[in-house]
Amino acid sequence: MTPAVWSFEPADGELLVRTGVAGRAARLGHRLTIAMTRWHATVRWSGADPVAVELTVEADSFEVVRGEGGVKGLSGPEKTVIRANALKSLQASRFPTISFAADVIDKTDEGYRLGGRLEVCGKTHEHVIDLRTEDLGDTWRMSVESGVRQSAYGIKPYSILMGSVQVADDVTVSFTAIHAKDG
C-alpha cells in the first residue's frame, strides 16, 4: 500500500541547473552546473495514483559545482562572484523561494506528465514536465529535465563585456531522486 505522502530532501537526490553561454564572445564564457542544496518535495497520493506534487527550493541555496568551456577553469573566488551575481539576478533576498506545484498528473509510458505552476522571482507561469520513473527493485528512481526561460520570470541573464558574453536565457533544470518502495 502506498502511503498518502512521499517526502524528498537533498539526501534523496539532486536538483541541478545547467546554463549555456550566448553573445559574440560566448567561447570565453563557462557553461555552468549549479546545485540547489536546500529543497523539499512532496508527492500526495490517492490510493495508487499521485494527485499532487510540490517542490520548494531556497533560492539562496545556490552552489556552483563546475564550469565547462571558457578560457580557463573556474577558481573558488570566481565561483563566489558567480554565486553573488546569480543571487542578485534571482532577487533571492526579496523572493527567497522558487516553487513548482502540480495538480494535473497524467500517466505516460515512461512515468507521468505533471502540469502545474512554476513560481520564480514572484512571477508564476503554467509549466509542464515529464517525470520518468524507473523500477529498481526495492526502490523507484524518478528523474526530470525541463527547460526554463529566465526572461519569462523577469530575470535578466547576467552578462559581461557589454553583452559580448552572457548567460543564455534558457536554462535546464534537472531533478533526480530515489524512493524506497513501501509495503
Side-chain angles (χ1 to χ4, degrees), residues 2 4-22 31-46 48-65 82-83 85-134 140-159 166-179:
T2 302
V5 178
W6 285 4
S7 292
F8 298 91
E9 296 188 350
D12 302 309
E14 67 180 1
L15 180 59
L16 301 174
V17 178
R18 291 184 176 86
T19 69
V21 185
R31 293 176 311 281
L32 302 174
T33 300
I34 299 156
M36 302 307 289
T37 60
R38 291 188 313 276
W39 53 268
H40 179 79
T42 57
V43 179
R44 298 192 191 291
W45 294 83
S46 177
D49 297 318
V51 293
V53 173
E54 295 178 2
L55 170 68
T56 302
V57 182
E58 293 182 33
D60 69 351
S61 71
F62 185 106
E63 179 183 309
V64 178
V65 176
I82 290 168
R83 181 180 190 282
N85 289 333
L87 293 177
K88 183 177 175 186
S89 292
L90 287 171
Q91 303 177 61
S93 61
R94 184 171 172 207
F95 303 106
T97 60
I98 298 166
S99 64
F100 175 71
D103 53 11
V104 176
I105 301 175
D106 296 312
K107 182 85 172 117
T108 66
D109 290 340
E110 295 185 355
Y112 297 92
R113 174 160 288 149
L114 310 177
R117 295 155 311 284
L118 176 62
E119 181 178 346
V120 182
C121 293
K123 293 188 181 356
T124 304
H125 296 288
E126 294 296 316
H127 195 76
V128 175
I129 61 173
D130 289 313
L131 174 73
R132 291 177 302 283
T133 58
E134 184 179 358
W140 288 102
R141 177 182 311 170
M142 291 144 281
S143 59
V144 168
E145 192 168 285
S146 182
V148 176
R149 180 158 291 188
Q150 298 180 79
S151 59
Y153 294 90
I155 300 169
K156 182 179 179 198
Y158 181 76
S159 68
Q166 54 192 259
V167 174
D169 194 12
D170 292 325
V171 299
T172 301
V173 178
S174 65
F175 173 80
T176 303
I178 302 286
H179 194 278

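Along the sequence shown, the residues carry numbers beginning at 1. Keep in mind the model is a prediction, meaning the values are calculated, not measured.
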Acceptor/donor pairs from residues 49-56 side chains to any protein atom, 3.5 angstrom cut, sequence neighbours excluded:
none

Q.
According to salt bridge (charged side-chain N to carboxylate O under 4.0 Å, His left out), who are the partners of Glu63, at least two apart in sequence or on a separate chain?
A. none

Q | Glu134: partners by salt bridge (charged side-chain N to carboxylate O under 4.0 Å, His left out), with sequence neighbours left out | A | Arg141

Q. Got a second to check how far Leu15's CG is from Thr176's OG1, nearest 0.5 Å?
A. 9.5 Å

Q) Taking atom CG of Leu114 and atom CG of Asp130, what is their separation to the nearest 0.5 Å? A) 8.0 Å

Q. Would you say the side chain of Ser151 lies within less than 4.5 Å of the side chain of Lys156, judging by non-hydrogen atoms?
A. no

Q | Under 3.5 Å donor-acceptor, Asp169 side chain and Gln150 backbone | A | yes

Q: Check step by step if ring pair (Phe, Tyr, Trp, His ring centres under 6.0 Å) holds for Trp39 and Phe175.
A: CA-CA 11 Å; Trp39 53 268; Phe175 173 80; 5.2 Å; yes

Q: Please assess Ile105 against Arg113 for the test side-chain contact (heavy atoms from CB on, under 4.5 Å), listing each intermediate value before the final yes or no.
A: CA-CA 6 Å; Ile105 301 175; Arg113 174 160 288 149; over 6 Å; no

Q) Would you say Val43 and Val5 make side-chain contact, with heavy atoms under 4.5 Å? A) no

Q.
Quick one, Val120 and Ile155 - any side-chain contact, counting heavy atoms below 4.5 Å?
A. yes

(Q) So, using salt bridge (charged side-chain N to carboxylate O under 4.0 Å, His left out) as the criterion, who are the partners of Arg117 when residues are at least two apart? (A) Asp103

(Q) Arg38 vs Asp60, test: side-chain contact (heavy atoms from CB on, under 4.5 Å). Steps then yes/no. (A) CA-CA 8 Å; Arg38 291 188 313 276; Asp60 69 351; 2.4 Å; yes

(Q) With heavy-atom distances below 4.5 Å as the criterion, would you say the side chains of Thr97 and Val57 are in contact? (A) no

**Q.** Whether His125 side chain and Glu119 backbone form a donor-acceptor pair below 3.5 Å
**A.** no

Q. Can you tell me how far CZ of Phe62 sits from CG of Leu32, rounded to the nearest 0.5 angstrom?
A. 7.0 Å

Q) Do the charged groups of Arg149 and Asp170 touch, with an N to O distance under 4.0 Å? A) yes

**Q.** side-chain contact (heavy atoms from CB on, under 4.5 Å), paired with Tyr112, selected from Met142, Lys107, Arg132
**A.** Lys107

Q) Is the His179 ring parallel, tilted or perpendicular to the Trp6 ring (thresholds 30°, 60°)? A) parallel

Q: Using the side-chain contact (heavy atoms from CB on, under 4.5 Å) rule, take Leu90 and Phe95 through it: C-alpha gap first, then chi angles, then the decisive distance, then the call.
A: CA-CA 8 Å; Leu90 287 171; Phe95 303 106; over 6 Å; no

**Q.** Heavy-atom closest pair, residues Gly111 and Thr133
**A.** CA-OG1, 3.5 Å

Q. What pairs with Arg83 under salt bridge (charged side-chain N to carboxylate O under 4.0 Å, His left out), at least two apart in sequence or on another chain?
A. none

Q. Looking at Tyr153, does the NZ or CZ of Lys123 lie under 6.0 angstrom from its six-membered ring centre and within 45 degrees of the ring axis?
A. no

Q: Could you note down all residue pairs passing side chain to side chain donor-acceptor pair (under 3.5 Å) where residues 9-19 supplies at least one of them, sequence neighbours left out?
A: Glu9-His40, Arg18-Ser174

(Q) Using 0.5 Å steps for rounding, measure from the CG atom of Leu16 to the CD1 atom of Ile34. (A) 9.5 Å

Q.
side-chain contact (heavy atoms from CB on, under 4.5 Å) for Ser89 and Leu87? Distances and angles first, verdict last.
A. CA-CA 5 Å; Ser89 292; Leu87 293 177; over 6 Å; no

